[in-house]
Amino acid sequence: PGAETGEHAHPGPVILVVVEGELVEDTSAGKNVLRAGQAFWRPAGERHNVRNIRSTTARVLAIHFDPAAQ
């Protein structure tokens, strides 16, 4: 509860699956509410911040498709 990632971006796309709880994601396109049971696609390079604004635990499975280092 109360945690957040801080604004950041990933070098490759990400799939988020909300396992438990509810989160709010801030992006340049606006706010998204991420609820348990939902899955989301985040394109590479998109800046975002994910926050747990609830008083309960939230858990997310994040699958990163980062490019290999050359």
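None of these values were measured; they are calculated from a predicted model.
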> Among all residues two or more places apart in sequence or in another chain, which pass the side chain to side chain donor-acceptor pair (under 3.5 Å) test with R51?
Replying inline: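 Only D26 meet the side chain to side chain donor-acceptor pair (under 3.5 Å) criterion with R51.
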>> Taking P43's backbone N and O only, do any of them form a donor-acceptor pair with E46's side chain (distance below 3.5 Å, no angle check)?
In response: no
Closest heavy-atom pair and its distance - [X], [Y]:
| X | Y | result |
| --- | --- | --- |
| V17 | A39 | CG2-CB, 4.1 Å |
| D66 | G12 | OD1-N, 3.4 Å |
| A44 | P11 | CB-O, 3.5 Å |

> Under a single-linkage rule joining Ile, Leu, Val, Met, Phe, Trp and Tyr whose side-chain heavy atoms are separated by less than 4.5 Å, which residues share a cluster with V18?
Replying inline: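 Reading the cluster by chain and number, V18 sits alongside V14, L16, L23, L34, F40, V50, V60.
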>> Count I, L, V, M, F, W, Y as connected when their side-chain heavy atoms are under 4.5 Å apart, and connections chain through other members. Are W41 and V33 then in the same cluster?
In response: no
>> Checking R42 against T27 for the side chain to side chain contact (heavy atoms under 4.5 Å, CB included) test, could you report, in this order, the C-alpha distance in whole Å, the side-chain angles of both residues, the deciding distance, and whether it holds?
In response: CA-CA 10 Å; R42 180 66 43 232; T27 70; 4.1 Å; yes
> Should N52 and E4 be marked as a side chain to side chain contact (heavy atoms under 4.5 Å, CB included) after you check the CA-CA gap, both sets of side-chain angles, and the distance that decides it?
Replying inline: CA-CA 6 Å; N52 181 354; E4 69 179 279; over 6 Å; no
> Distance from R47 atom CZ to S28 atom OG, nearest 0.5 Å?
Replying inline: 10.5 Å
> Going from NZ on K31 to CD1 on I53, what distance comes out if it is rounded to the nearest 0.5 angstrom?
Replying inline: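 That separation rounds to 7.5 Å.
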>> Suppose the criterion is ring pair (Phe, Tyr, Trp, His ring centres under 6.0 Å): which pairs have a residue in residues 1-35, not counting sequence neighbours?
In response: H8-H10, H8-H48, H10-H48, H10-H64
